[in-house]
Amino acid sequence: MTDEPRIPDDDLPEQMRVRSSKRADMLEAGQDPYPVEVARTHSLKAVREAHPDLEPGAETGETVTVVGRVLFLRNTGKLCFAKLVEGDGTELQAMLSLAKVGEEELARWKAQVDRGDHVQVTGEVVASKRGELSVMADSWQMAAKAIRPLPNAHGDLSEETRVRQRYVDLILRPQAREMVRARSTVLRTLRRQFEDRGYTEVETPMLQLLHGGATARPFVTHTNALDADLYLRIAPELFLKRAVVGGIERVFEINRVFRNEGIDSTHSPEFAMLEAYQAYATYDDMAILTRELIQECVRAVFGSTIVRHSDGSEHDLGGEWRSVTLHESVSEAVGESVTPDTSAEELRKIAATHEVALKDSWSAGEIVLELFEKLVEHTLQAPTFVRDYPVEVRPLTRQHRDDPRLAEAWDLVVFGHELATAYSELVDPVEQRARLQAQSLLAAKGDPEAMQLDEDFLRAMEYGMPPTGGMGMGVDRLLMTLTGTGIRETILFPLVRQES
RNA sequence: GGGCCCCUAGCUCAAUCGGCAGAGCAGCGGACUUUUAAUCCGCGGGUUCAGGGUUCGAUCCCCUGGGGGCCCA
C-alpha cells in the first residue's frame, strides 16, 4: 500500500477515506471489492452445529467455504483472527496464518480488511488453542467492502442512532434482531390461530371516502381521478362488519391503521391493528379467543407462558385471566361500593377524596371511567378483563342484556395498559343509525375525531347483521407487552423526523 | 400543547469558576503464530448542531432556530 491517498481529500471523515482508498486499491489491482457471486458451502450456523464441541487445537480435516461480516479483527504478526457474524447472529472465527495462506495473502488481508467488511473464507474447520471453533483459511476473498466504519460494539448506541439507522442496530444488537423475529412469530401465530378456528383473513380499504370505526383524527389525502379527498383509515371495523353481513361469519384483518395524533414512546402514527368478528358470538367468546391468541403468541415467542422483559423480569401469562366489572374494580380502589346506581353527586365526592379532577359536564358513567383510568388501570399488572362499561362511554356498543345502562364491552389490561378491547356488537340498524347520526352532528360541529355518517354501512346493517362478537388488538401493543419495550422498538423502521 | 434534560472525534462520553478541547473503543505506522473488547511502542483525527449576542476570551452564560430524550396534559 502506498502513502498516497487514491481519493482526493474531501469532507469525508478519516476512516471513510481510508476504507474508500482500500476499495480503490482493490479495483486498481484487478480485485473486485463487490463480486457478483460469492460461493459458500456452509452457513456459520451449519459449521457450529456440525462441530458442537471440538477439543482445543483439534483439526477436523473438513474444508468449508463460509461468508460473514467481520465483527472483530485481531491481527498479530503471522496469525490473524476475525470474528465473523451472519444474519441470524451466529458467530464463527476465521483464522489466517502465514503458514497456510502465505506472505502475500496475509499481507493483503491486513491491508484490505476492515471491521464491517463481508468476507469469504475457505479452509479447514479447526479449534484454536483456546478452544474457539474456527475456519483456518487456505484462501480468502472480499465479499463486500464496507466504506463506513461500524460503531463501537461495546458501548450502547444512542436511542436516536438505533432508530434512525436500524440497519446498524440490527448488525450490533441481538435484541434488535430478536424483536424482528418476535414480531414475525407473533403475526404468524395469530394467523395460524385464526386459521385453526375457521376464520377468513380479508383486506379492507385503507383509502376511504369516509372515516369511521373509531374516534381518532385521520390523515387526509386526495384522489385526482375522483377529485375527492380521501382518508387513510383509522380502523377497519365498518368494512369487516359489512363482510359479516355478507356471510363471512368469522373474519379478521391484520394490517396498518393510521392516526394523525401524537408520536411518542407509546404512540406511532401508523401501527398494526388486529380486528376479528365472529357471528353468533358474544364478548365472552371474544375474551376466550383473545386470551388463547395471546397465550399462543407468548408460547411461540418464549416457549412457555412466561414472558421475559428486557429488564430481566418474568411474568406468567398462563391460565385463566381475572375478569371484573368496571364498577367492581373502581369499588376496590376507592374502598366503597360503586355501582351503576351510584349518583354523579356521590361519585364526585369520591373523586374529591382521591384527588381526581373532573369536568363539570361529566355524567356518572364518565366519572366512573375517569376514576378507573386514574386510580385502577395502572395498578392492573396481571391480565384483567375489565367489563360492562356505562353506555355513555361506549356509544357504539350494544346495551347489556341485564342492565340497559351498561354496554357489553371489555378492555383487556396488562401491565397497566390497555391491550385489547371487545364488544357484543350493536346490530340493530335503527339504533346504529341514531348513534352514528349523533356522532356526525359532532363532526359537523367541528370535532375532528368524531365519525362521519356512513350511509353505505347503515344500508348493510339494514339487510340484517347476525349477533356478533368483535375484538380489536394493537399488534405493536402486544409486542410491547411481550417484550416490555416502547412502540418504536417493536416497529422496524418507525417514522422519524428528517435529519437536518 | 406545557415543563425539564441533552446535542463535543467514526461510536460512547469527559472538559472544575468563562481561560491551550480530552479519554476509551475505532483509525494510521511499527512489533508480535492462538487472540476473545488481544497486548506493547508511536501518531493522526474536531464547523464543540446552526445562527446571533455578552466578554479581552464562550463547549461553558444569554437569545433564536434545528434535532433527540423524559415527564405532564
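These numbers come from a predicted model, not from an experiment. Every chain is numbered from 1, with letters handed out A, B, ... down the list of sequences.
- Nucleotide rG1(B) forms a Watson-Crick or G-U wobble pair with rC72(B), both donor-acceptor distances falling under 3.5 Å.
- Taking atom P in both rU33(B) and rU8(B), the straight-line distance is 41 Å, to the nearest Å.
- When the options Met206(A), Glu275(A), Met273(A) are evaluated for a side chain to side chain contact (heavy atoms under 4.5 Å, CB included) with Asn255(A), the one that passes is Met206(A).
- Residue Arg19(A) places its side chain closer to rG27(B) than to any other of rG27(B), rG69(B), rA37(B).
- Between the CZ atom of Arg162(A) and the P atom of rC11(B) there is a distance of 16 Å, given to the nearest Å.
- A gap of 49 Å separates the P atoms of rG44(B) and rG2(B), to the nearest Å.
- If you check rC32(B), rG10(B), rU34(B) against the side chain of Lys78(A), the one that comes closest is rC32(B).
- Comparing rG65(B) with rC7(B), their C1' atoms are spaced 14 Å from each other, to the whole Å.
- The shortest distance between the side-chain N/O atoms of Lys22(A) and the OP1/OP2 oxygens of rC28(B) is below 4.0 Å.
- Counting non-hydrogen atoms under 4.0 angstrom, Ser158(A) reaches the backbone sugars and phosphates but no base.
- Rounded to an integer number of Å, the gap from Leu150(A) CG to rA9(B) P is 18 Å.
- Nucleotide rG19(B) forms a Watson-Crick or G-U wobble pair with rC56(B), both donor-acceptor distances falling under 3.5 Å.
- Atom CZ of Arg217(A) is surrounded by 12 or fewer heavy atoms from other residues, nucleotides or ligands within 6.0 Å.
- For the P atom pair drawn from rG67(B) and rG42(B), the interatomic distance equals 45 Å after rounding to whole Å.
- Checked options Gln15(A), Arg148(A), Lys22(A); the residue passing with Asp114(A) is Lys22(A) (criterion: side chain to side chain donor-acceptor pair (under 3.5 Å)).
- In this structure, CG of Leu133(A) is placed 14 Å from C1' of rU34(B), rounded to the nearest angstrom.
- Judged by a 6.0 Å distance limit and a 45° cone about the ring axis, Arg74(A) is positioned over the six-membered ring of Phe72(A).
- Residue-to-nucleotide proximity on RNA chain B shows that, of Val163(A) and Val18(A), the 5′-proximal contact is made by Val18(A).
- Rounded to a whole angstrom, the distance from the C1' atom of rA37(B) to that of rU12(B) is 14 Å.
- Counting atom types as modelled, Glu14(A) pairs a side-chain N or O with a base atom of rG44(B) as donor and acceptor under 3.5 Å.
- Distances shorter than 4.0 Å separate some side-chain N or O of Arg164(A) from OP1 or OP2 on rG68(B).
- When the C1' atom is used for both rC71(B) and rC11(B), the distance is 29 Å, rounded to whole Å.
- Within 6.0 Å of NE2 in His417(A) there are 12 or fewer heavy atoms belonging to other residues, nucleotides or ligands.
- When Watson-Crick and G-U wobble pairs are counted only if both distances are under 3.5 Å, rG65(B) pairs with rC49(B).
- Summarising the geometry, the separation between NZ on Lys110(A) and C1' on rG27(B) is reported as 17 Å, rounded to the nearest angstrom.
- Using atom P as the reference point in both rC63(B) and rG69(B), the two lie 24 Å apart (nearest Å).
- Under the Watson-Crick or G-U wobble criterion, with both distances below 3.5 Å, rC28(B) is paired with rG42(B).
- Comparing Thr161(A) and Phe81(A) along RNA chain B, the residue whose closest nucleotide (by nearest heavy atom) sits nearer the 5' end is Thr161(A).
- Taking atom CG of Leu71(A) as the reference point, atom P of rA26(B) lies 12 Å away to the nearest angstrom.
- Set against rU12(B), rC11(B), rU34(B), the side chain of Pro151(A) has rC11(B) as its closest nucleotide.
- Of the residues Val67(A), Thr63(A), Val47(A), Thr65(A), the one that meets the side chain to side chain contact (heavy atoms under 4.5 Å, CB included) test with His42(A) is Val47(A).
- Regarding Leu73(A), its CG atom lies at a distance of 10 Å from the P atom of rC28(B), rounded to whole Å.
- Phosphate contact (OP1/OP2 of rU36(B), side-chain N/O of Ser128(A), threshold under 4.0 Å): absent.
- Atoms CG (Asp114(A)) and P (rG27(B)) sit 7 Å apart, rounded to a whole Å.
- Closest to the side chain of Glu160(A), from the set rG68(B), rC28(B), rA38(B), is rG68(B).
- Look at CD on Gln15(A): it is 10 Å from P on rA26(B), rounded to the nearest Å.
- Rounded to a whole angstrom, the distance from the P atom of rG24(B) to that of rA38(B) is 15 Å.
- The environment of Glu314(A) atom CD is dense: over 12 non-hydrogen atoms of other residues, nucleotides or ligands sit within 6.0 angstrom.
- The nucleotide whose nearest atom lies closest to any side-chain atom of Arg74(A) is, among rU34(B), rC70(B), rA37(B), rA37(B).
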